[in-house]
Structures are given as structure tokens and as C-alpha cells.
Asks: 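Questions regarding the structure given below will be posed in turn.
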Amino acid sequence: TGVATMKFKSPPVNSLSLDFLTEFCISLEKLENNRACRGVIFTSAVPRIFSSGLDITEMCGKSTEHYAEFWRAVQEMWLRLYGSNMVTVAAVNGSSPAGGCLMALSCDYRIMVENPKFSIGLNEAQLGIVAPFWFKDTFVNVVGHRVAERSLQLGSLHPAPEAHKFGLVDELVPEEKLQEKAAAVMAQWLALPDHARQLTKNMMRKMVLDRLVAHREEDIQNFVTFISKESIQKSLRMYMEMLKKKK
Amino acid sequence: TGVATMKFKSPPVNSLSLDFLTEFCISLEKLENNRACRGVIFTSAVPRIFSSGLDITEMCGKSTEHYAEFWRAVQEMWLRLYGSNMVTVAAVNGSSPAGGCLMALSCDYRIMVENPKFSIGLNEAQLGIVAPFWFKDTFVNVVGHRVAERSLQLGSLHPAPEAHKFGLVDELVPEEKLQEKAAAVMAQWLALPDHARQLTKNMMRKMVLDRLVAHREEDIQNFVTFISKESIQKSLRMYMEMLKKKK
Amino acid sequence: TGVATMKFKSPPVNSLSLDFLTEFCISLEKLENNRACRGVIFTSAVPRIFSSGLDITEMCGKSTEHYAEFWRAVQEMWLRLYGSNMVTVAAVNGSSPAGGCLMALSCDYRIMVENPKFSIGLNEAQLGIVAPFWFKDTFVNVVGHRVAERSLQLGSLHPAPEAHKFGLVDELVPEEKLQEKAAAVMAQWLALPDHARQLTKNMMRKMVLDRLVAHREEDIQNFVTFISKESIQKSLRMYMEMLKKKK
């Protein structure tokens with residue numbers, strides 16, 4: 001059918017480690033270069049979580065070289081996903097904070113399970129860190145400036161129904177209907193001729209993609225400087241402690 | 001009353017041929033230069049269709065010189081309409097795909113007959129072609145980035161009630177109330193002092209207008225190269241065959 | 001609690017005179033430099049009016065030097081308020097036209113008394129004048145391009161319920177609940193770590209702030225030239241006469 005499904009399976013919470021991101025990019029590139037593949041559905045094989053976002057252990061107590069390598073991999077993931085020529089559908093079957101939300105935002109269409117216990121959002125501010133400008137650009141493109149401004153400053157995690165209300169996700173479905181719905185949406189998008197659709201998508205996203213490409217090294221440097229600060233390291237350690245206790 | 005009504009009457013479907021566009025620009029310029037005229041209502045004299053958009057026969061089997069001349073006329077129509085100093089109201093009394101939708105989008109206010117059989121949208125992708133960047137800019141200004149991105153990629157034609165829901169048209173009315181409503185809206189806009197209103201309109205639209213002015217020749221060249229491709233010519237011929245059979 | 005409340009008390013209508021603006025900027029700067037202060041709530045001590053906007057007497061029958069000084073003070077107010085590092089909440093307990101609306105738009109969050117007799121909007125066009133580009137930028141950031149374009153051209157004053165419907169204000173409450181609600185919202189925003197929140201806010205607003213900074217002298221010059229025109233002076237005098245008669 002020309003449609004691939006990529007299932008995230010990195011228990012316990014599909015966090016975006018350097019390994020995960022590297023594998024993701026390789027898989028996506030393979031599909032991108034496979035002319036038989038025209039669309040990808042992203043979903044999770046882990047219950048109740050789509051992806052928990054960037055792996056905090058990669059950002060804590062490591063060398064500056066490691067931080068730089070990690071951040072380059074995060075950028076690479078976004079550049080490939082937001083700029084993909086394929087139709088990309090996020091079938092969000094669990095919570096999706098921070099980097100997990102970014103992955104969903106970077107797809108062409110977002111379907112989420114209607115469970116209000118599942119939430120989605122760019123909650124970086126809650127951890128004392130700042131979503132980079134290209135997270136922000138992607139978010140603004142989806143929800144507009146006012147909503148993005150408030151949500152980013154509050155580091156809000158929006159329950160699925162609320163996220164749907166302001167367009168952060170396009171559609172809500174019962175969990176058992178999710179894959180069926182994702183396939184139906186994909187079929188609708190694939191009914192269009194690839195070439196015109198790809199050029200159109202590129203026209204819509206090029207400005208925001210180019211902005212990161214133009215400032216990529218600077219963005220890495222900013223991240224490394226910021227994350228290396230003792231105050232930031234401390235708040236990340238506290239956050240990890242809190243997560244451990246939660247278990 | 002200072003209000004002109006321009007009725008499109010080019011049966012069977014008010015397609016935007018080179019002749020239509022040329023006449024449109026001349027008429028608009030005359031009104032623009034007539035100090036007694038402060039507003040224009042655009043509507044159709046052809047039943048069930050506002051305008052079917054760019055005339056495909058102008059883009060099929062012609063010389064590159066012809067394509068260039070045609071495209072310059074399309075640009076000229078938009079530059080004059082989107083940049084008009086007059087109050088412009090679209091009274092959309094029928095379907096309005098592609099270039100027809102662009103004309104409506106370029107007005108200050110859009111009123112559409114509430115008939116769900118009438119649809120509106122930039123459906124270029126359905127024909128295997130791509131809406132140019134200034135169609136896109138105009139669309140994004142009206143409906144925002146997310147809606148524009150999806151609608152353009154899917155080449156969606158939205159039934160009037162759906163178009164109203166996300167702001168592609170500002171108001172729906174029964175067919176028999178359309179002209180009355182358009183006149184009432186026009187009166188509301190003309191209650192404002194012209195000079196301040198014009199400067200305000202110009203401030204809102206200048207950036208997008210300037211972008212085409214700055215890239216006008218390049219945009220013509222892009223169009224000519226794209227439309228001259230054998231693959232595009234073939235899909236346009238197929239589309240025309242389909243239209244003929246429909247009749 | 002780290003929260004200041006700034007009550008506008010310049011009867012009869014809290015108009016933004018040069019004195020008011022100067023005092024506002026000094027007060028805001030003091031709070032900004034006070035590390036104990038993390039948020040400010042803006043509200044009015046005058047019944048039924050939040051602020052009536054720019055003081056017309058400062059723009060009428062004065063010297064060009066005075067116009068320039070006044071306009072610089074208006075710019076300064078906006079640069080400090082829109083760029084504030086503190087959490088800013090507008091508790092809008094009355095009508096808020098023109099510059100009063102700008103003050104509300106420049107806060108992080110707007111709560112308005114649900115009384116439909118209170119209205120808010122950038123109604124400059126009604127007076128025959130034009131909201132400057134940075135009023136427009138701030139407005140577009142809050143309500144999006146289409147709504148801003150129409151509202152600015154019509155110089156609309158939106159009753160509170162209508163303003164709420166399209167996001168010009170974030171929340172409506174009964175008058176007696178306003179301060180309580182403002183305090184609750186403030187507490188929610190202050191729950192976030194300041195540093196990350198401030199960097200995020202700055203990232204969202206920087207582009208629009210920088211645009212004025214880059215064109216500040218030019219903007220003053222434009223204002224002085226425009227406001228000094230005899231036609232504009234005449235329409236302002238007529239407006240003031242009308243206001244006097246209303247009393």
C-alpha cells in the first residue's frame with residue numbers, strides 16, 4: 001500500500017536517547033529513499049506513552065562533546081521529519097510531552113486517543129529549560145502565536161480533549177479505532193499526486209526549516225552552554241530524582 | 001452611493017482566461033481612479049459558480065511566451081485586487097475553486113451563499129499543480145498556517161458551511177439575501193474615513209504584496225518551466241478530458 | 001507574594017498623557033529592578049474604564065517637539081511592558097479603547113469583566129488615524145491576521161463577550177471576582193521557574209520588539225508628520241468637541 005508504520009519501542013517511556021534518535025533517522029532515511037514508500041504512520045508500542053521526549057540522562061553529567069553530539073541528533077531528527085517528502089501521520093496513543101510533542105507537531109496530521117489521562121505539550125519550562133526556537137516555530141505554525149506563547153511559558157501539558165480544542169491535535173478517537181483511523185487519513189492524503197503535494201509541503205515549511213539550517217552550529221553552541229550550567233544541571237538532577245521516586 | 005458591483009459573466013464557468021483577466025484589471029483600475037467609487041462588490045452573473053479559477057486552456061498546448069503573458073496577467077489581477085484602496089467584498093454565489101478562491105481571499109470580506117453544494121478552496125494539488133507562494137501567503141493570512149498547510153496539500157474544496165467554520169468565508173447567507181447583505185457590509189466599511197482605512201489595509205498587506213513584486217519575473221519563469229513539463233501538460237490534458245466527459 | 005498591583009488612577013478616563021506614561025514607565029522600571037517582585041497586575045481605580053488610550057490633548061495644537069516627546073513616551077511604555085521580564089496580567093475592569101487596548105494586549109494574560117457594556121479594541125481608524133505597525137504586530141500576535149485586519153480597518157470596539165470569543169481577552173469574569181481571578185492566574189504563572197519563563201517570553205516577543213527598536217526614530221518622524229497635518233488636526237478637534245458634548 002506504500003504505507004509504513006514506525007512503532008516506537010524503547011521501554012519504559014520511549015525517551016529520545018542518542019541511540020533512539022540515530023535509529024529513527026536511519027529508518028526514516030531508508031523509507032524516504034524507498035520509492036515504494038509514500039507515507040509513514042508513527043505510533044508507540046509502549047502502553048500509555050507516545051514518547052516522553054528527550055532523554056534527560058543524555059543531558060546530565062556528561063561531557064560538552066556529548067551534549068553537542070546529542071543536540072545535533074535532535075536537530076537531525078526534526079529536520080528529517082518536518083522536512084519529509086512522505087505523508088507523515090502521528091497516531092498518538094499515549095502521553096507526549098516535550099520532544100515527544102515535537103515529533104507529533106512535525107507530522108502532517110495528528111490523531112490522538114481521546115483519553116483525558118493522555119496529555120501533550122511542550123513542557124520544557126516546567127523543568128527550568130527553554131524550548132529552542134525551532135520547537136517554537138513548529139508550535140506556532142500549528143497553534144498560532146497567542147496559544148503558543150502561553151502554553152510555552154506555562155510549560156503546559158494539555159489533556160487530549162483540550163489539545164484538540166485548540167488544534168494541537170487534529171482529531172480524537174477511541175483507542176481501538178486509532179490505527180484504522182490513521183490508515184484512513186493516510187489513504188486520503190495519498191490520493192493526491194505526490195509531486196504537487198511534496199512541493200506544497202515544502203513551500204509551507206521551508207522558511208522554518210531553513211532558519212535552523214542557517215543557525216545550526218550556533219543552536220548547538222547555545223544548547224551546550226545552557227545545559228552545562230550548574231544551575232541547570234542541578235534542576236535536571238532534581239527532576240530525575242523526582243521521576244525515580246514516582247516509580 | 002460610491003459602491004460599484006462587478007458581475008462576472010463569462011459562461012459557462014467564469015474561468016480566468018487572459019481576456020477575462022485583462023478586462024478585470026482594466027475595470028478595476030477605472031474604478032480605482034474614480035474618486036466617486038469607494039467600494040466594489042464582486043459577484044457572479046453565472047448560476048452556481050463564482051469563478052472556476054484559471055482557464056486551463058491558457059496553460060495547455062501553448063507557447064512559453066503565452067504562458068508567461070498569461071501568468072503576468074494572473075499576478076496583475078492579484079496585485080491590483082489584494083492591494084486595492086477600495087473596500088472589496090466578495091459575494092460568493094456559487095463554487096469558487098483555485099483562482100476563484102484566490103479572488104475571494106483577496107477581498108476585505110467574504111460572504112457566501114449557505115448552500116453546501118457550493119464549495120471553495122485552493123485545490124491546485126488535485127490537478128497535480130502547486131499554488132504559487134503568493135496564493136499561499138494570501139491563504140495563510142486568512143485561515144492561519146495549520147489549516148492552510150492541510151488544505152493546500154489535500155487540494156481541498158470546502159463546502160460553504162465548512163469554509164465558514166474555519167474562517168475561509170466570513171459569513172453565510174441564504175442566496176436571496178446575498179446582495180442585500182453585501183450592501184450592508186459595504187455600508188459598514190464605508191462608514192470609516194477612507195484615508196485611515198486605506199493606510200491600515202496597506203500596512204496589513206504590504207509585506208505579502210511586496211514579496212511578489214520583488215520576485216515577479218522569477219515567479220513567471222518558475223510557472224513557465226513548471227507548466228511546460230510534459231508530465232504536467234499530460235495531467236492537465238487528462239483533467240480537461242475529464243471535465244468534458246462530465247458535461 | 002512577589003506580586004505588585006498597579007492601579008491606574010487618572011480621572012476621568014485614565015487617558016495616557018505624557019505625565020501618565022512617564023510615571024508608568026518609572027513605576028514599571030522600579031518593579032522590574034526589584035528582585036522581590038515577579039509579577040504585576042494592571043487594573044483601574046476609575047469606574048467603568050480601564051484606560052481610554054492616548055490623551056488626544058497631547059496630539060492636538062502642540063509643537064512638533066511635543067508630539068515627538070509624547071510619541072517617544074508611548075513607544076517607551078510599550079517596549080517596557082511588552083518586553084517585561086515579569087509576569088503581566090491585565091485585569092480589565094472597564095472599557096479599553098486604542099492605547100488602553102494596546103496595554104492589555106501587551107500583557108501575558110487578559111481577564112475582563114463580563115459586562116457587555118465594556119468594550120475593547122484598536123479603534124484608531126474611527127478617529128481617522130492609523131494604528132502604528134507595532135500596535136498592529138502586537139494585535140496580530142494575539143488574534144491572528146484575518147481578525148486583526150478586519151478589526152483594525154473597521155476600528156472596532158468589541159464588547160467583552162465578543163472580544164473573548166476571538167481571543168482578544170483570555171477570560172471573562174463577574175466584576176466582583178476579577179481581582180481574585182487575576183491573583184489565581186498570577187499564582188499559576190509564578191509557579192514556573194522565572195528564568196526559563198523569561199527566556200521563553202523573550203523568544204516569543206523579540207522579533208516584534210526589535211522591529212520597533214530598529215525603526216524607532218523613523219516611527220516618531222512618521223507620527224509627527226502625520227499628526228501635524230491640518231486635516232488630522234481638524235478631525236481630532238472635532239472628536240474632542242464630540243467628547244465634550246457627550247458629557
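In the text below, chain A, chain B and the rest are named by the order of the sequence lines, each starting its count at 1. The model shown is predicted, which means the values in this text are computed figures rather than measured ones. Hydrogens, waters and symmetry mates play no part in the numbers below; they use all other heavy atoms, side chains included.
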Asks: Closest approach of B:Pro193 and C:Gly128, non-hydrogen atoms and distance?
Replies: CG-CA, 3.8 Å
Asks: Note each donor-acceptor pair with a separation under 3.5 Å, taking one atom from chain C and one from chain B.
Replies:
from     : atom 1 : to       : atom 2 : distance (Å)
C:His145 : NE2    : B:Met204 : O      : 3.1
C:Arg146 : N      : B:Asn141 : O      : 3.2
C:Arg146 : NH1    : B:Val142 : O      : 2.5
C:Arg146 : NH1    : B:Gly167 : O      : 3.2
C:Glu149 : OE1    : B:Arg205 : NE     : 3.1
C:Glu149 : OE2    : B:Arg205 : NE     : 3.4
C:Glu149 : OE2    : B:Arg205 : NH2    : 2.7
C:Arg150 : NH2    : B:Asp170 : OD1    : 3.0

Asks: So what's closer than 4.5 Å to chain B heavy atoms on C:Leu154: side chain, backbone, both or neither?
Replies: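 Backbone plus side chain of C:Leu154, per the 4.5 Å heavy-atom cut-off to chain B.
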Asks: Against chain B, label C:Val140 side chain, backbone, both or neither, depending on which of its atoms sit under 4.5 Å from a heavy atom there.
Replies: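 For C:Val140, side-chain heavy atoms alone lie under 4.5 Å from chain B.
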